Student: 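One structure is given below, represented as structure tokens, and several questions about it will come after.
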Amino acid sequence: MSLMIYNTLNRKKEEFIPLHPGRVYIYVCGPTVYGHSHIGHAKSYISFDAIIRYFRYLGYRVKYVQNITDVGHLTDDADEGEDKIIKKAREEKLDPMEVAQYFTWSYFDDMAALGVLRPDISPHATGHIPEQIELIETLLEKGFAYEVNGSVYFDVHRFPEYGKLSGRRVEELEAGARIDVNPEKRHPADFALWKKADPSHLMKWRSPWSLGYPGWHIECSAMSMKYLGETFDIHGGGLDNVFPHHECEIAQSEAATGKPFVRYWMHNNMVSMAGEKMSKSAGNVLLIKDLLKQYSPLAFRLFILSSHYRSRLEFSDEAMKGAEQGLERLSGVVARLQEVQSQAEEIDGFSPPISIEEYYRRFEEAMNDDFNTPRAIAVLFDLAKEVNQYLTTNTKYHKPFVDELHLFYRKLATDVLGILPEKIAPTAEALSSGMVEKLVKVTIDVRALLRKEKNWNLADYIRDSLQEIGIILEDRPDGSTGWKFKK
RNA sequence: GGCGCCGUACCCAAGUGGCUAAGGGAGAGGUCUGCAAAACCUCCAUUCGGCGGUUCGAAUCCGCCCGGCGCCUCCA
């Protein structure tokens, strides 16, 4: 069973064959750090997080690079306008690096809160100015770029394959250009590699051409090739980066090295709200920090991964609540498995009522089909039903079997998808010490006596009161009472 | 104007030529139960925006129409 990946370059699914056996070299476009991240960003990073976790599950050694863009992206028209970070700095009366640094930490905090594993390398654009200058020099030497007035532009006509990723033609771009024509450019579709800074510009570096700053695509080429090689396996990012960003990256990189840049291009689709793409400019953003005030990070991951990464996802409170409930169901089954593990034993002649291998197979089959997490998650739910049946129809449990079931969720739900915690919220059985636990136990015992006397009013009063302080009691058919913390 | 995507039940969402259209949530009924919660069982789209066509057979392919969206400017 081979791993198939949808490659934007060919618009079809292709078998994944790594350049170096057993290894995956992957670059994903990171954030421009001029504001807090919203849940649209989160879809991208959670999707690639699951993809990388799955590669590791398959046994690949992954080198994951994700840039931090702390310079270069402009606000308005292609060549004029003000750098976003500088704009923010001016507004807040801060040094641009203070802005970039502040939002970099904010981004890292958000990702940690969402359980997104850190990339192996998080290179900063401003930390790689020499590499970018070097790349531009190569492009000039090879005649793919030209200098005008201290700025350097890439000449798209010198690179006939320009447009191969996004399916555009230079002539069409010319016709439909909504960009104000920059008189320095030979052709409207040419893009800047280096811009000369005007005297008031806040971020600038010395270069052979001028005191200036790098163009807005060159950083990704410079940094990805520095850490992953001139040709590497996967480059990922948002669908909205296909053109012009990734198209330009290909042009710059392949022109400079004469080699294929990236083997598999992967693009995630957007989050929408009320039918419209979530974006800062549209103003319909929900920040990750605000989302997490209301919903649990794991439920949000479940929500994100229950749609395919290449599909658009419609966010709503109703959908998020659905995810919360779904997560409750999954964590419920794992909590019961945990609970049962301590009392389970070896049962002679035990024959497993569930084929766990079959569920592994189905999960992998789904993930191997271009990381189809919605189908993979359905497998987890299907098994949950069977496990619950097993747990409710038996009173004695076969330890190795219970362990195996538990391991299944541990590996796939916790390690690969990251939708279940390492440890489920404690239950009475799982705990042997602690004052809270002891107090709850005493209370439950008292309530059991009241129930024996059929003093329902008092018994219910205790249960309701505990619920108010976040402790849920569950009476079971055998007369015992379990409890858990309210999520 | 150019390029492209999507429209599956109340909500989110898989499925892209062939058994009964995944899964979750919500909803209805039932088992259990003093009640509740959880769990389990049953039900919940004869139908996939509409109309034609291709085919033995289509949600899936083709055409037209309706509706929504993305990119072409920074964007995950």
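All of these numbers come straight from a predicted model, not from anything done at the bench. First the proteins, then the strands, lettered A, B, ... as listed; each starts at 1.
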Student: In whole Å, I'd like the distance from the CD1 atom of A:I304 to the P atom of B:A14.
Tutor: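 Computing the A:I304:CD1 to B:A14:P distance gives 12 Å.
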Student: What's the CG-P distance between A:D382 and B:G23, to the nearest Å?
Tutor: 6 Å
Student: Using atom C1' in both nucleotides, what's the gap between B:U47 and B:G4 to the nearest angstrom?
Tutor: 29 Å
Student: With sugar-phosphate meaning primed atoms plus P, OP1 and OP2, does A:M320 contact a base, only sugar-phosphate, or nothing at under 4.0 Å between heavy atoms?
Tutor: nothing
Student: At 4.0 Å (heavy atoms only), tell me whether A:S311 reaches a base, stays on the sugar-phosphate, or touches nothing.
Tutor: sugar-phosphate
Student: Look at all strands and tell whether A:K385 reaches a base, only sugar-phosphate, or nothing, counting heavy atoms closer than 4.0 Å.
Tutor: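 Sugar-phosphate, no base atom in range.
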Student: Is atom NZ of A:K280 surrounded by more than 12 heavy atoms (other residues, nucleotides or ligands) closer than 6.0 Å?
Tutor: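 Enclosed: over 12 neighbouring heavy atoms sit under 6.0 Å from NZ of A:K280.
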Student: Pick base, sugar-phosphate or nothing for A:V271, based on heavy-atom distances below 4.0 Å to the nucleic acid.
Tutor: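 Contact class for A:V271: base.
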Student: Write down the partner of B:C61 under the Watson-Crick or G-U wobble criteria, each distance required to be under 3.5 Å.
Tutor: B:G53
Student: If you compare every side-chain N and O of A:S166 against the phosphate oxygens of B:C3 (OP1, OP2), does one of them come in below 4.0 Å?
Tutor: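 For A:S166, the contact criterion (side-chain N or O under 4.0 Å from OP1 or OP2 of B:C3) is not met.
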Student: NA contact type, A:D460, heavy-atom cut-off 4.0 Å: base, sugar-phosphate, or nothing?
Tutor: base
Student: Give A:N268 one of three labels, base, sugar-phosphate or nothing, depending on what nucleic acid heavy atoms sit under 4.0 Å from its own.
Tutor: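 Since a base atom lies under 4.0 Å of A:N268, the category is base.
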Student: Fit a plane to each ring of A:H217 and A:H245, take the angle between them on a 0 to 90° scale, and name the class: parallel (under 30°), tilted (30 to 60°) or perpendicular (over 60°).
Tutor: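 Judged by the thresholds at 30° and 60°, the geometry between A:H217 and A:H245 is tilted.
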Student: Looking across every strand, which nucleic acid part, if any, lies under 4.0 Å from A:F315 by heavy atom: base, sugar-phosphate, or nothing?
Tutor: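 A:F315: no heavy atom of the nucleic acid under 4.0 Å.
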Student: Pick one: which of A:H38, A:K289, A:H41 meets side chain to side chain donor-acceptor pair (under 3.5 Å) with A:D110?
Tutor: A:K289
Student: So what does A:H38 touch, heavy atoms closer than 4.0 Å: a base, only the sugar-phosphate, or nothing?
Tutor: base
Student: For the pair A:H246 and A:W265, name the ring-plane relationship: parallel under 30°, tilted 30 to 60°, perpendicular over 60°.
Tutor: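 Taking A:W265 first and then A:H246, their aromatic rings sit tilted (interplane angle of 30° to 60°).
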Student: If you measure from the C1' atom in B:G18 to the same atom in B:C65, how many Å do you get, rounded?
Tutor: 29 Å
Student: What is the base-pairing partner of B:G70, counting Watson-Crick and G-U wobble geometry with both distances under 3.5 Å?
Tutor: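 Partner of B:G70: B:C3.
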Student: By the 4.0 Å heavy-atom rule, please label A:R451 as base, sugar-phosphate, or nothing.
Tutor: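 Here A:R451 touches the bases of the nucleic acid.
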Student: Round to a whole Å and report the spacing from NZ of A:K321 to C1' of B:C10.
Tutor: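 So the two atoms are 15 Å apart, to the nearest Å.
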Student: So what does A:K277 touch, heavy atoms closer than 4.0 Å: a base, only the sugar-phosphate, or nothing?
Tutor: base
Student: Counting only Watson-Crick or G-U wobble pairs whose two distances fall under 3.5 Å, which nucleotide matches B:C10?
Tutor: B:G25
Student: For B:G34, what is the paired nucleotide under Watson-Crick or G-U wobble rules, both distances under 3.5 Å?
Tutor: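 No nucleotide pairs with B:G34.
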Student: Under the criteria of a ring-centre distance below 5.5 Å and an interplanar angle below 30°, is A:W456 stacked with the base of B:G34?
Tutor: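 Answer is yes, a stack.
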Student: Can we say A:D70 and A:K84 salt-bridge, meaning some charged N sits less than 4.0 Å from an Asp/Glu carboxylate O?
Tutor: no
Student: By the 4.0 Å heavy-atom rule, please label A:N269 as base, sugar-phosphate, or nothing.
Tutor: base
Student: Apply the side chain to side chain donor-acceptor pair (under 3.5 Å) test between A:R310 and each candidate in A:D370, A:N372, A:N269; give the one that qualifies.
Tutor: A:D370
Student: Need to verify one output field. Residue with the more 5' nearest nucleotide on RNA chain B, A:S316 or A:A378?
Tutor: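 The 5'-side residue here is A:S316.
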